[in-house]
Amino acid sequence: MKNITVIGSGLIGRSWSMVFASGGYNVRIFDNQPGQAANAIREIRKQMEELEGARMLRGELSASQQTALLSSHDDLAQALEGAFFVQECVFEQLEVKQKVFQDIERLVGKDVILSSSTSCLVPSAVFSKVQNKSRCLVSHPVNPPYYVRLVELVPHPETTPTVMDTTHALMTKVGQAPVRLRREIDGFALNRVQAAIIAESWRLVQNGIISVKDIDLVMSEGLGMRYAFIGPMETIHLNAPEGLEDYMKRYGEGLKRVLASFGPVPDFCGEGSRSIAKEMCELIPNDRQHLTARIQRRDQLLMALSKLKKEH
Ligand SMILES: NC(=O)c1ccc[n+]([C@@H]2O[C@H](COP(=O)([O-])OP(=O)(O)OC[C@H]3O[C@@H](n4cnc5c(N)ncnc54)[C@H](O)[C@@H]3O)[C@@H](O)[C@H]2O)c1
Ligand SMILES: *[C@@H]1O[C@H](CO)[C@@H](O)[C@H](O)[C@H]1NC(C)=O
(Lines give C-alpha, C1' and ligand atoms only; values in the text may rest on other atoms or scores of the structure.)
(Ligands and ions follow the chains in the order given, each with its own letter.)
Protein backbone atom coordinates (compact mmCIF):
# COMPACT_ATOMS: atom_id res chain seq x y z
CA MET A 1 0.00 0.00 0.00
CA LYS A 2 2.77 2.42 -0.97
CA ASN A 3 1.98 3.37 -4.57
CA ILE A 4 -0.71 5.73 -5.82
CA THR A 5 -1.29 6.49 -9.49
CA VAL A 6 -2.51 9.93 -10.58
CA ILE A 7 -4.07 10.06 -14.05
CA GLY A 8 -3.95 13.51 -15.69
CA SER A 9 -1.37 16.07 -14.57
CA GLY A 10 -3.15 19.42 -14.91
CA LEU A 11 -4.05 21.73 -12.03
CA ILE A 12 -5.81 19.10 -9.90
CA GLY A 13 -3.52 16.16 -10.79
CA ARG A 14 -0.52 18.17 -9.64
CA SER A 15 -2.22 19.16 -6.40
CA TRP A 16 -3.21 15.57 -5.60
CA SER A 17 0.35 14.44 -6.36
CA MET A 18 1.70 16.97 -3.86
CA VAL A 19 -0.82 15.93 -1.22
CA PHE A 20 -0.07 12.18 -1.60
CA ALA A 21 3.70 12.75 -1.67
CA SER A 22 3.41 14.82 1.53
CA GLY A 23 1.93 11.69 3.13
CA GLY A 24 4.96 9.63 2.06
CA TYR A 25 3.36 7.73 -0.84
CA ASN A 26 5.10 6.96 -4.13
CA VAL A 27 3.11 8.88 -6.72
CA ARG A 28 3.15 7.60 -10.30
CA ILE A 29 1.87 10.30 -12.64
CA PHE A 30 0.41 9.54 -16.08
CA ASP A 31 -0.75 11.99 -18.74
CA ASN A 32 -1.70 11.14 -22.31
CA GLN A 33 0.04 14.28 -23.57
CA PRO A 34 3.66 13.11 -23.99
CA GLY A 35 6.03 15.02 -21.73
CA GLN A 36 3.19 16.57 -19.70
CA ALA A 37 3.70 14.36 -16.62
CA ALA A 38 7.44 15.15 -16.58
CA ASN A 39 6.56 18.84 -16.86
CA ALA A 40 4.22 18.48 -13.92
CA ILE A 41 7.02 17.10 -11.75
CA ARG A 42 9.28 20.05 -12.61
CA GLU A 43 6.47 22.41 -11.69
CA ILE A 44 5.76 20.55 -8.44
CA ARG A 45 9.44 20.60 -7.45
CA LYS A 46 9.46 24.38 -7.86
CA GLN A 47 6.29 24.77 -5.80
CA MET A 48 7.50 22.46 -3.04
CA GLU A 49 10.78 24.36 -2.72
CA GLU A 50 8.86 27.62 -2.41
CA LEU A 51 6.53 26.09 0.17
CA GLU A 52 9.49 24.77 2.14
CA GLY A 53 11.05 28.25 2.07
CA ALA A 54 7.80 29.70 3.40
CA ARG A 55 7.59 26.91 6.07
CA MET A 56 4.29 25.84 4.54
CA LEU A 57 5.32 22.45 3.13
CA ARG A 58 2.93 19.75 4.30
CA GLY A 59 4.04 16.46 5.83
CA GLU A 60 7.09 15.25 7.74
CA LEU A 61 9.43 14.93 4.74
CA SER A 62 11.61 17.61 3.15
CA ALA A 63 10.83 18.99 -0.32
CA SER A 64 13.63 16.92 -1.89
CA GLN A 65 12.43 13.75 -0.12
CA GLN A 66 8.89 14.39 -1.34
CA THR A 67 9.85 15.09 -4.95
CA ALA A 68 11.95 11.89 -4.93
CA LEU A 69 8.66 9.99 -4.43
CA LEU A 70 7.26 11.26 -7.75
CA SER A 71 7.69 9.53 -11.09
CA SER A 72 6.27 10.43 -14.50
CA HIS A 73 5.02 7.94 -17.09
CA ASP A 74 3.82 8.28 -20.66
CA ASP A 75 2.64 4.65 -20.59
CA LEU A 76 -0.56 3.85 -18.66
CA ALA A 77 0.32 0.22 -17.78
CA GLN A 78 3.68 1.31 -16.39
CA ALA A 79 2.07 4.12 -14.39
CA LEU A 80 -0.36 1.67 -12.76
CA GLU A 81 2.31 -0.81 -11.63
CA GLY A 82 1.96 -1.67 -7.94
CA ALA A 83 -0.76 0.92 -7.26
CA PHE A 84 -3.45 0.23 -4.64
CA PHE A 85 -5.27 3.52 -5.35
CA VAL A 86 -5.85 5.44 -8.60
CA GLN A 87 -6.91 9.09 -8.59
CA GLU A 88 -8.24 10.24 -11.98
CA CYS A 89 -7.88 13.97 -12.85
CA VAL A 90 -8.48 14.20 -16.62
CA PHE A 91 -10.73 16.67 -18.47
CA GLU A 92 -14.27 17.06 -17.15
CA GLN A 93 -15.83 15.20 -20.10
CA LEU A 94 -17.97 12.14 -19.47
CA GLU A 95 -16.77 10.08 -22.48
CA VAL A 96 -13.12 10.82 -21.69
CA LYS A 97 -13.51 9.69 -18.08
CA GLN A 98 -15.52 6.59 -19.01
CA LYS A 99 -12.84 5.51 -21.49
CA VAL A 100 -10.00 6.20 -19.04
CA PHE A 101 -11.60 3.98 -16.37
CA GLN A 102 -12.35 1.25 -18.89
CA ASP A 103 -8.66 1.24 -19.88
CA ILE A 104 -7.46 1.35 -16.26
CA GLU A 105 -9.66 -1.56 -15.18
CA ARG A 106 -8.06 -3.86 -17.75
CA LEU A 107 -4.63 -3.12 -16.30
CA VAL A 108 -5.10 -3.36 -12.51
CA GLY A 109 -5.79 -6.09 -9.94
CA LYS A 110 -9.28 -6.63 -8.57
CA ASP A 111 -8.69 -4.84 -5.24
CA VAL A 112 -7.37 -1.57 -6.65
CA ILE A 113 -9.57 1.42 -5.76
CA LEU A 114 -10.64 3.62 -8.69
CA SER A 115 -11.33 7.20 -7.64
CA SER A 116 -12.41 10.18 -9.77
CA SER A 117 -11.86 13.90 -9.09
CA THR A 118 -14.96 14.91 -11.07
CA SER A 119 -16.77 18.06 -9.85
CA CYS A 120 -20.00 17.72 -11.77
CA LEU A 121 -20.52 14.11 -12.90
CA VAL A 122 -22.18 11.49 -10.68
CA PRO A 123 -20.39 8.15 -10.09
CA SER A 124 -23.09 6.09 -11.85
CA ALA A 125 -22.28 8.03 -15.05
CA VAL A 126 -18.48 8.14 -14.68
CA PHE A 127 -18.15 4.40 -13.93
CA SER A 128 -20.85 3.05 -16.25
CA LYS A 129 -18.27 1.23 -18.39
CA VAL A 130 -16.40 -0.34 -15.47
CA GLN A 131 -17.21 -4.05 -14.81
CA ASN A 132 -16.63 -4.09 -11.05
CA LYS A 133 -18.21 -0.89 -9.71
CA SER A 134 -17.91 -1.93 -6.06
CA ARG A 135 -14.34 -0.50 -5.97
CA CYS A 136 -15.25 2.85 -7.55
CA LEU A 137 -16.00 6.22 -5.98
CA VAL A 138 -15.67 9.96 -6.51
CA SER A 139 -13.18 11.81 -4.29
CA HIS A 140 -14.08 15.42 -5.07
CA PRO A 141 -11.43 17.95 -3.98
CA VAL A 142 -11.80 21.70 -3.61
CA ASN A 143 -9.45 24.04 -5.44
CA PRO A 144 -6.69 24.49 -4.27
CA PRO A 145 -6.60 21.10 -2.44
CA TYR A 146 -3.24 21.88 -0.84
CA TYR A 147 -4.88 24.57 1.36
CA VAL A 148 -8.56 23.66 1.26
CA ARG A 149 -8.61 20.18 2.72
CA LEU A 150 -12.19 19.07 2.18
CA VAL A 151 -12.72 15.98 0.03
CA GLU A 152 -16.25 14.76 -0.70
CA LEU A 153 -16.37 10.95 -0.94
CA VAL A 154 -19.32 9.97 -3.12
CA PRO A 155 -20.19 6.28 -3.64
CA HIS A 156 -21.54 4.59 -6.73
CA PRO A 157 -24.74 2.69 -5.80
CA GLU A 158 -22.59 -0.49 -5.82
CA THR A 159 -19.54 0.83 -3.91
CA THR A 160 -18.66 -1.39 -0.92
CA PRO A 161 -18.32 0.20 2.54
CA THR A 162 -14.69 -1.04 2.77
CA VAL A 163 -13.76 1.03 -0.28
CA MET A 164 -15.30 4.13 1.34
CA ASP A 165 -13.49 3.35 4.63
CA THR A 166 -10.10 2.75 3.00
CA THR A 167 -10.37 5.99 1.02
CA HIS A 168 -11.50 7.91 4.12
CA ALA A 169 -8.47 6.58 6.03
CA LEU A 170 -6.10 7.42 3.15
CA MET A 171 -7.41 10.97 2.86
CA THR A 172 -7.12 11.47 6.63
CA LYS A 173 -3.59 10.06 6.62
CA VAL A 174 -2.42 12.55 3.97
CA GLY A 175 -3.95 15.45 5.92
CA GLN A 176 -7.14 16.08 3.92
CA ALA A 177 -10.57 16.43 5.56
CA PRO A 178 -12.83 13.76 4.02
CA VAL A 179 -16.64 13.74 4.33
CA ARG A 180 -18.95 10.94 3.19
CA LEU A 181 -22.10 11.27 1.13
CA ARG A 182 -24.37 8.28 1.73
CA ARG A 183 -25.53 8.26 -1.88
CA GLU A 184 -24.85 10.16 -5.07
CA ILE A 185 -26.68 13.40 -5.89
CA ASP A 186 -26.14 16.00 -8.60
CA GLY A 187 -23.74 18.69 -7.30
CA PHE A 188 -22.75 16.55 -4.28
CA ALA A 189 -22.99 18.59 -1.03
CA LEU A 190 -20.54 21.45 -1.52
CA ASN A 191 -21.75 22.59 -4.91
CA ARG A 192 -25.42 22.35 -3.88
CA VAL A 193 -24.83 24.65 -0.90
CA GLN A 194 -22.69 26.92 -3.06
CA ALA A 195 -25.44 27.07 -5.70
CA ALA A 196 -27.94 28.22 -3.07
CA ILE A 197 -25.58 31.00 -1.96
CA ILE A 198 -24.81 32.12 -5.52
CA ALA A 199 -28.49 32.13 -6.50
CA GLU A 200 -29.69 34.27 -3.59
CA SER A 201 -26.71 36.65 -3.88
CA TRP A 202 -27.46 37.02 -7.59
CA ARG A 203 -31.16 37.73 -6.97
CA LEU A 204 -30.38 40.34 -4.30
CA VAL A 205 -28.06 42.20 -6.69
CA GLN A 206 -30.32 41.79 -9.71
CA ASN A 207 -33.32 43.11 -7.74
CA GLY A 208 -31.36 46.21 -6.79
CA ILE A 209 -31.33 45.39 -3.06
CA ILE A 210 -27.55 45.47 -2.63
CA SER A 211 -24.38 46.11 -4.64
CA VAL A 212 -21.96 43.45 -5.90
CA LYS A 213 -19.30 44.79 -3.56
CA ASP A 214 -21.56 44.69 -0.52
CA ILE A 215 -22.99 41.19 -1.06
CA ASP A 216 -19.41 39.90 -1.19
CA LEU A 217 -18.78 41.69 2.13
CA VAL A 218 -21.85 39.96 3.62
CA MET A 219 -19.97 36.69 3.13
CA SER A 220 -16.34 37.73 3.70
CA GLU A 221 -16.97 39.95 6.77
CA GLY A 222 -20.08 38.19 8.06
CA LEU A 223 -21.06 34.58 7.44
CA GLY A 224 -17.62 33.56 6.21
CA MET A 225 -15.95 34.58 9.49
CA ARG A 226 -17.82 31.78 11.29
CA TYR A 227 -17.92 29.31 8.44
CA ALA A 228 -14.14 28.85 8.35
CA PHE A 229 -14.50 27.15 11.74
CA ILE A 230 -18.10 26.08 12.36
CA GLY A 231 -20.79 25.06 9.89
CA PRO A 232 -24.45 26.12 9.60
CA MET A 233 -25.66 23.38 11.99
CA GLU A 234 -23.29 24.33 14.83
CA THR A 235 -23.98 28.00 14.10
CA ILE A 236 -27.70 27.62 14.86
CA HIS A 237 -26.96 25.28 17.78
CA LEU A 238 -24.88 28.04 19.41
CA ASN A 239 -27.27 30.88 18.55
CA ALA A 240 -30.03 30.01 21.05
CA PRO A 241 -29.71 29.43 24.81
CA GLU A 242 -30.80 25.77 24.58
CA GLY A 243 -29.35 24.85 21.25
CA LEU A 244 -30.68 23.80 17.87
CA GLU A 245 -34.24 22.86 18.81
CA ASP A 246 -34.63 26.05 20.83
CA TYR A 247 -33.29 28.03 17.86
CA MET A 248 -35.94 26.55 15.58
CA LYS A 249 -38.69 27.26 18.14
CA ARG A 250 -37.64 30.91 18.17
CA TYR A 251 -36.58 31.46 14.57
CA GLY A 252 -38.01 28.58 12.52
CA GLU A 253 -41.13 30.52 11.43
CA GLY A 254 -39.03 33.50 10.34
CA LEU A 255 -36.69 31.21 8.44
CA LYS A 256 -39.63 29.64 6.59
CA ARG A 257 -41.11 33.06 5.79
CA VAL A 258 -37.81 34.27 4.29
CA LEU A 259 -37.30 31.04 2.34
CA ALA A 260 -40.82 31.25 0.91
CA SER A 261 -39.98 34.71 -0.46
CA PHE A 262 -37.00 33.48 -2.51
CA GLY A 263 -37.33 34.11 -6.24
CA PRO A 264 -37.07 31.56 -9.05
CA VAL A 265 -33.79 30.18 -10.44
CA PRO A 266 -32.06 33.23 -11.97
CA ASP A 267 -31.19 33.52 -15.65
CA PHE A 268 -27.43 33.84 -15.30
CA CYS A 269 -26.85 34.81 -18.93
CA GLY A 270 -29.43 37.45 -19.91
CA GLU A 271 -29.37 41.26 -19.94
CA GLY A 272 -29.28 41.34 -16.11
CA SER A 273 -26.06 39.36 -15.99
CA ARG A 274 -24.28 41.97 -18.11
CA SER A 275 -24.88 44.67 -15.55
CA ILE A 276 -23.66 42.42 -12.72
CA ALA A 277 -20.53 41.58 -14.75
CA LYS A 278 -19.96 45.28 -15.42
CA GLU A 279 -20.23 46.11 -11.72
CA MET A 280 -17.78 43.30 -10.85
CA CYS A 281 -15.27 44.42 -13.51
CA GLU A 282 -15.29 47.94 -12.11
CA LEU A 283 -14.01 46.41 -8.85
CA ILE A 284 -11.65 43.89 -10.44
CA PRO A 285 -11.02 44.27 -14.21
CA ASN A 286 -11.24 40.94 -16.02
CA ASP A 287 -7.83 41.10 -17.73
CA ARG A 288 -5.29 38.35 -16.95
CA GLN A 289 -3.05 40.63 -14.92
CA HIS A 290 -5.73 41.75 -12.45
CA LEU A 291 -7.26 38.29 -12.13
CA THR A 292 -3.88 36.62 -11.54
CA ALA A 293 -3.04 39.13 -8.82
CA ARG A 294 -6.34 38.42 -7.05
CA ILE A 295 -5.84 34.64 -7.38
CA GLN A 296 -2.42 34.97 -5.78
CA ARG A 297 -3.89 37.06 -2.98
CA ARG A 298 -6.64 34.45 -2.45
CA ASP A 299 -4.14 31.58 -2.27
CA GLN A 300 -1.89 33.46 0.14
CA LEU A 301 -4.82 34.22 2.42
CA LEU A 302 -5.99 30.60 2.23
CA MET A 303 -2.49 29.51 3.17
CA ALA A 304 -2.52 31.77 6.22
CA LEU A 305 -6.02 30.58 7.15
CA SER A 306 -5.08 26.91 6.85
CA LYS A 307 -2.15 27.60 9.18
CA LEU A 308 -4.51 29.22 11.68
CA LYS A 309 -6.96 26.30 11.43
CA LYS A 310 -4.14 23.82 12.06
CA GLU A 311 -3.28 25.62 15.31
CA HIS A 312 -6.88 25.46 16.61
N1 LIG B 1 -10.00 23.03 -11.34
C2 LIG B 1 -10.80 22.94 -10.29
O3 LIG B 1 -11.12 23.90 -9.62
C4 LIG B 1 -11.34 21.58 -9.88
C5 LIG B 1 -11.83 21.39 -8.57
C6 LIG B 1 -12.31 20.11 -8.21
C7 LIG B 1 -12.31 19.07 -9.15
N8 LIG B 1 -11.84 19.32 -10.42
C9 LIG B 1 -11.87 18.20 -11.39
O10 LIG B 1 -10.57 17.70 -11.60
C11 LIG B 1 -10.47 17.20 -12.94
C12 LIG B 1 -9.25 17.81 -13.62
O13 LIG B 1 -9.41 19.22 -13.67
P14 LIG B 1 -8.17 20.20 -13.94
O15 LIG B 1 -8.62 21.55 -13.56
O16 LIG B 1 -6.94 19.64 -13.31
O17 LIG B 1 -8.04 20.09 -15.55
P18 LIG B 1 -6.77 20.41 -16.47
O19 LIG B 1 -7.30 20.72 -17.80
O20 LIG B 1 -5.86 21.41 -15.78
O21 LIG B 1 -5.95 19.03 -16.52
C22 LIG B 1 -6.38 17.87 -17.19
C23 LIG B 1 -5.16 17.03 -17.53
O24 LIG B 1 -5.61 15.73 -17.96
C25 LIG B 1 -4.87 15.34 -19.09
N26 LIG B 1 -5.68 14.37 -19.85
C27 LIG B 1 -6.76 14.63 -20.63
N28 LIG B 1 -7.27 13.47 -21.14
C29 LIG B 1 -6.50 12.47 -20.65
C30 LIG B 1 -6.50 11.07 -20.80
N31 LIG B 1 -7.41 10.46 -21.56
N32 LIG B 1 -5.57 10.35 -20.15
C33 LIG B 1 -4.63 10.96 -19.38
N34 LIG B 1 -4.57 12.28 -19.20
C35 LIG B 1 -5.49 13.04 -19.83
C36 LIG B 1 -4.56 16.63 -19.84
O37 LIG B 1 -3.44 16.48 -20.70
C38 LIG B 1 -4.30 17.60 -18.68
O39 LIG B 1 -2.94 17.60 -18.30
C40 LIG B 1 -11.80 17.52 -13.62
O41 LIG B 1 -12.64 16.39 -13.56
C42 LIG B 1 -12.36 18.63 -12.76
O43 LIG B 1 -13.76 18.69 -12.79
C44 LIG B 1 -11.34 20.52 -10.79
C1 LIG C 1 -14.70 -6.21 -7.08
O2 LIG C 1 -14.05 -5.22 -6.26
C3 LIG C 1 -14.07 -5.52 -4.89
C4 LIG C 1 -13.55 -4.29 -4.13
O5 LIG C 1 -12.24 -3.95 -4.52
C6 LIG C 1 -13.25 -6.78 -4.65
O7 LIG C 1 -13.21 -7.09 -3.27
C8 LIG C 1 -13.88 -7.93 -5.43
O9 LIG C 1 -13.10 -9.09 -5.30
C10 LIG C 1 -14.01 -7.56 -6.91
N11 LIG C 1 -14.77 -8.59 -7.60
C12 LIG C 1 -14.35 -9.16 -8.74
C13 LIG C 1 -15.29 -10.16 -9.35
O14 LIG C 1 -13.30 -8.87 -9.29
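All ligand and atom numbering here is 1-based and tracks the order in the structure. Side-chain atoms are counted along with the backbone in the values below, which use heavy atoms only and exclude waters and symmetry mates.
- The part of V100 lying near ligand 1 is the side chain, judged by heavy-atom distances below 4.0 Å.
- Interface of S119 with ligand 1, defined as ligand atoms under 4.0 Å from a residue heavy atom, comprises 6 (C), 7 (C), 8 (N), 9 (C), 42 (C), 43 (O), 44 (C).
- D31 OD2, 3.3 Å is the protein heavy atom nearest to atom 25 (C) of ligand 1.
- For atom 26 (N) of ligand 1, the nearest protein heavy atom (residue, atom name, distance) is N32 OD1, 3.6 Å.
- Within the 4.5 Å cutoff, the side chain of L170 has heavy atoms near those of the I4 side chain.
- Here the heavy atom of the protein found nearest to atom 23 (C) of ligand 1 is G10 N, 3.7 Å.
- Within the listing of ligand 1, atoms 2 (C), 3 (O) sit less than 4.0 angstrom from a heavy atom of N143.
- Of the candidates H140, K97, Q93, L121 forms a side chain to side chain contact (heavy atoms under 4.5 Å, CB included) with just one, namely K97.
- Counting heavy atoms from C-beta on, the side chains of P241 and R250 come closer than 4.5 Å.
- Remark: minimum distance from atom 6 (C) of ligand 1 to any protein heavy atom is reached at P141 O, 3.3 Å.
- Heavy atoms of K97 approach ligand 1 to within less than 4.0 angstrom.
- Distances from atom 40 (C) of ligand 1 to the heavy atoms of N191, V148, V90 show the closest one on V90.
- Using a 4.5 Å heavy-atom cutoff, the side chains of L255 and M248 are in contact.
- With respect to atom 9 (C) of ligand 1, the closest heavy atom belonging to the protein is S117 O, 3.3 Å.
- Put simply, the side chain of P178 does not reach to within 4.5 Å of the side chain of T167, judged on heavy atoms.
- At a 4.0 Å heavy-atom cut-off, ligand 1 does not touch K99 at all.
- By the 4.0 Å heavy-atom criterion, R14 is excluded from the residues contacting ligand 1.
- Atom numbering of ligand 1 starts at 1 in the shown order; those under 4.0 Å from a heavy atom of L11 are 1 (N), 15 (O), 16 (O), 20 (O).
- Classification of E50 and K46 as a salt-bridged pair fails, no side-chain N sitting under 4.0 Å from a carboxylate O.
- Remark: side-chain polar atoms of E152 are paired, donor with acceptor, to backbone N or O of L190 under 3.5 angstrom.
- Listed by atom number, the atoms of ligand 1 under 4.0 Å from Q36 heavy atoms are 39 (O).
- Of the N and O atoms on the side chains of S62 and E52, not one donor lies less than 3.5 Å from an acceptor on the other residue.
- Aromatic ring orientation, F84 versus Y25: tilted (interplanar angle from 30° to 60°).
- By the 4.5 Å heavy-atom criterion applied to side chains, V108 and R135 are counted as neighbours.
- Applying the salt bridge (Lys or Arg N to Asp or Glu O under 4.0 Å) test to residues at least two apart or on different chains, the pairs with a partner in residues 172-200 are D165-R180, E200-R203.
- For ligand 1 and T118, the ligand atoms under 4.0 Å from any heavy atom of the residue are 41 (O).
- Side-chain contact of S117 with Q87: a donor-acceptor pair under 3.5 Å is present, judged by distance alone.
- Near Q33, the atoms of ligand 1 lying under 4.0 angstrom from a non-hydrogen atom of the residue are 37 (O).
- Contact check on R106 versus D103 returns a salt bridge, with a Lys/Arg side-chain nitrogen under 4.0 Å from an Asp/Glu carboxylate oxygen.
- Between the side chains of E158 and S134, not a single donor N or O lies within less than 3.5 Å of an accepting N or O.
- For ligand 1, the polar-atom distance check finds no N/O of E88 at less than 3.5 Å from any of the ligand's N/O atoms.
- Contact annotation: the side chain of F229 approaches that of K309 to within less than 4.5 Å [non-hydrogen atoms, C-beta and beyond].
- Counting atoms of ligand 1 from 1 in the listed order, those under 4.0 Å from a heavy atom of H140 are 6 (C), 7 (C).
- Here is the list of ligand 1 atoms found below 4.0 Å of a heavy atom in F30: 32 (N), 33 (C).
- Using cut-offs of 30° and 60° for the angle between ring planes, the Y251 and Y247 rings count as tilted.
- Nearest protein heavy-atom contact of atom 41 (O) of ligand 1 is E92 OE1, 2.5 Å.
- The 4.0 Å heavy-atom shell around ligand 2 contains residues K110, D111, N132, S134, R135, ordered by chain and number.
- Using a 4.5 Å cut-off on side-chain heavy atoms (C-beta onward), R58 and R149 make contact.
- For atom 13 (O) of ligand 1, the candidate residues are I12, D103, V142; the nearest heavy-atom contact is made by I12.
- Within the 4.0 angstrom cut-off, atom 17 (O) of ligand 1 has no protein heavy-atom neighbours.
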